[in-house]
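Reviewing the structure listed below.
The chains referred to below are lettered A, B, ... by the order of the sequence lines, with proteins before strands, and numbering in each begins at 1.
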Amino acid sequence: MSNKETYLGDVQDVNGTTVSVSLSKESLTGFIYINGQGYRAGQIGSFIRIPIGFNDLFGVVSQVGASSVPQNQIENNEHGNRWMTIQLIGEAQRNDSFQRGLSQYPTIGDEVHLVSEKELKSIYGRPDKPYFVKLGHIANADSIPALIDINKLVTRHSVVVGTTGSGKSTTVASIINALSNAEVYPSSRIIMLDIHGEYGNALRDRANVYKINSDSSIKLKEHELYVPFWALNFDELCEISFGDFSNEKDKNIVLERVQKYKSDSLASYPREGATRDTLSVDSPIPFSIHRLWHELFIETFGTYYKGREGRPIDNLAYEIDSEGNELKGNPYEGIPPIFRNVVTEAGEEKINYLPGALNLGRQLLLLGTKLRIPRYDFIFKPGEWLPAHDGQVTKDLDGILKNWIGGKSIAILDLSGVPPDILKTTIGAVLRVLYEALFWARNLSQGGRYRPLLVVMEEAHIYLNDDFDGMASKIVQRIVKEGRKYGIGAMIVSQRPSEINPTILSQCGTFFALRLTNATDRSHVTSAMADSLDGLTNMLPILRTGEAIILGEAVKLPMRTLIEAPPKNRRPDSQDPVVYDEVLPDDSQNPGGWGIKMESNPNYGELVEAWRAQNPKINKIKK
Amino acid sequence: MNRAPIVSSNVESIGYAEDDQTLEIEFKNGAVYQYFDVPESIYLALRDADSVGGYLAAHIKGVFRYSRV
């Protein structure tokens, strides 16, 4: 071989993909010059090459020194501690591109070589192909771009993990920024579940932001977030509106009633694709939940005049207000009817409970509360998607879908205003609506197969942390298991991977692992990774901020990457606050911190205003 | 609010609304803040200061309350 200068040592032991190598005396200095560039031999995480005939095998150094000495070699210590353990990861035909996986193994005595930057480039780099996006460059090799294959990234799902402050949000922003570049990807389609409202500002010009209590001013142009209750399936609807049922019988009564409402609605307003025969209680057909609630309320709590002619339901005993009006309540405002008390004394008109009264008191009171509280309006009074009493709606579901996945490249669903008790279910419902739509539309030009969707799930540990029960976990499991076929890809972002359902993690093909210090989190990630690369994953606690180990399907080789932060105006609002600015006061670009004296007359009224409005922007701010 | 560019090491542009005395400042890093109830004289002095960053640090930061926009 002509490349004697790259020679490191010889293969001494092969055990599966683990190879032990004895280092040669020449490489002992540890410093090797190739083409005028210096390389340190035997750096953990660096790559090596084993030429075999016309093929090159590639591996990563995972261990160096005494503990790498094979057990049976410890006695006759011919090579001292100059040993190295290597994990094989792939091979390349001479002068051809790199492939993951091995077709053959090295044998004893094969030479092991250092991989120079030039060779690395030919493995990693094909920057001219538009299906690769650049996220930064390889750590320790500034000239090599870190390229991600977006085909694999989207369809095989991905995970971004890292301790808080390790650069997660920046990494996500960087990926999204690259993917939403309209010149390269005019039809890219990304939806972000933004739990804290971090990304709206950063991606404003490329994204539609949907938010509860949106600010539709010309500058911000936010849109109102609606998740119409009638688009939910029955389980989701129950969870959001009624809560638990004490027994199956009660649940079935509600189920049948919903089915009847949907069926009546369909009869009055036929909808393409839905027929009486195919209609199920899960079908997304508008119906009036307000009327349903009102009706069930009467049947649960109602009293009637026993002595009068006709059916009990026609003789309801409403309480009368001071002006003589019957207190029938108002379904749309969630105001329940008020009934007179039961009267059984002789001589007075008898009032009795309705025969066969329903046992849904708790559920209906809960739903009534939700119909009255404005926080839930995004579900129960969804603007133009609010059905009239007979199921008529101004806009159908296509309007919602067009908003979310038919507009700009990115749609940000800012969920910061969703009440915490229904957050998981809301997320589950949103994802299920998207999944079903793209799944059934798989043959259409706007369906998932021809215009795939990437779903970015921020802070996933908040809603994917349960064992299979939550609505969000269920649908995300379905997405990561089957979404590939129908063009729905997940990107799961979390600082606490150990709290995420392991089934979900294990289905993700690509890992962006930033600094992770917690041992439990680390072992969770390591066990979910496809590659057996101890050497690389051991580096997780010592990564610098903004440095990630990317491994899995979307990259040819695992790579340690310095993620390039997106331009300043495209960064998420998640930077660390400045406690004491490092630059001089005159040059500081920070108006606060502990080092600057505070205003003499602080206004805590505005603090409470922001809290009450659940909106960080107070009214005083000039548009 | 409209802001006018200004020559400074840390401030990109400033703007002022007389009607409710709001001063808007954009730093070089892109962050925009509004200082509330700032007299017009302060705004004019800031605009004409030799060192905008210095004037800001001495007479505005720590004196007026603000909000990020």
When the 4.5 angstrom heavy-atom criterion is applied to A/I618 and chain B, the contacting part is side chain
Scanning both residues in full, the closest heavy-atom pair of B/Q34 with A/K620 reads OE1-O, 4.4 Å
Check: Donor-acceptor pair, B/K61 side chain versus A/S588 backbone, under 3.5 Å?
Finding: yes
Of the listed B/G54, B/A17, B/A57, B/A58, the one with the largest count of heavy-atom pairs under 4.5 Å with chain A is B/G54
Between B/V63 and A/E599 the two heavy atoms that sit nearest each other are O-CB, 3.3 Å
Honestly, the part of A/P591 sitting under 4.5 Å from a heavy atom of chain B is both
Open item on the list: Using a strict threshold of under 4.0 Å (side-chain N to carboxylate O), is an ion pair present between B/K28 and A/D587?
Closed with: no
When rounded to the nearest 0.5 Å, the distance separating OH of B/Y16 from NZ of A/K622 is 11.0 Å
Answer key: most heavy-atom pairs under 4.5 Å with chain A among B/L56, B/D20, B/V52 is B/D20
Rounded to the nearest 0.5 Å, the CG atom of B/N10 sits from the CG atom of A/N590 at a distance of 10.5 Å
* Asked: With distance as the sole test, does A/Q589 use its side chain to make a donor-acceptor pair with the main-chain N or O of B/F27 at under 3.5 Å?
  -> no
Honestly, the part of A/I621 sitting under 4.5 Å from a heavy atom of chain B is both
Cut-off 4.5 Å, heavy atoms of chain A, and the answer for B/Y33 is side chain
Please say whether more than 12 non-hydrogen atoms of neighbouring residues, nucleotides or ligands are located less than 6.0 Å from CG in B/D48.
yes
Okay, B/D19 and chain A: the region with an atom under 4.5 Å from a heavy atom over there is side chain
Bottom line for B/Y35: the part with an atom under 4.5 Å from chain A's heavy atoms is side chain
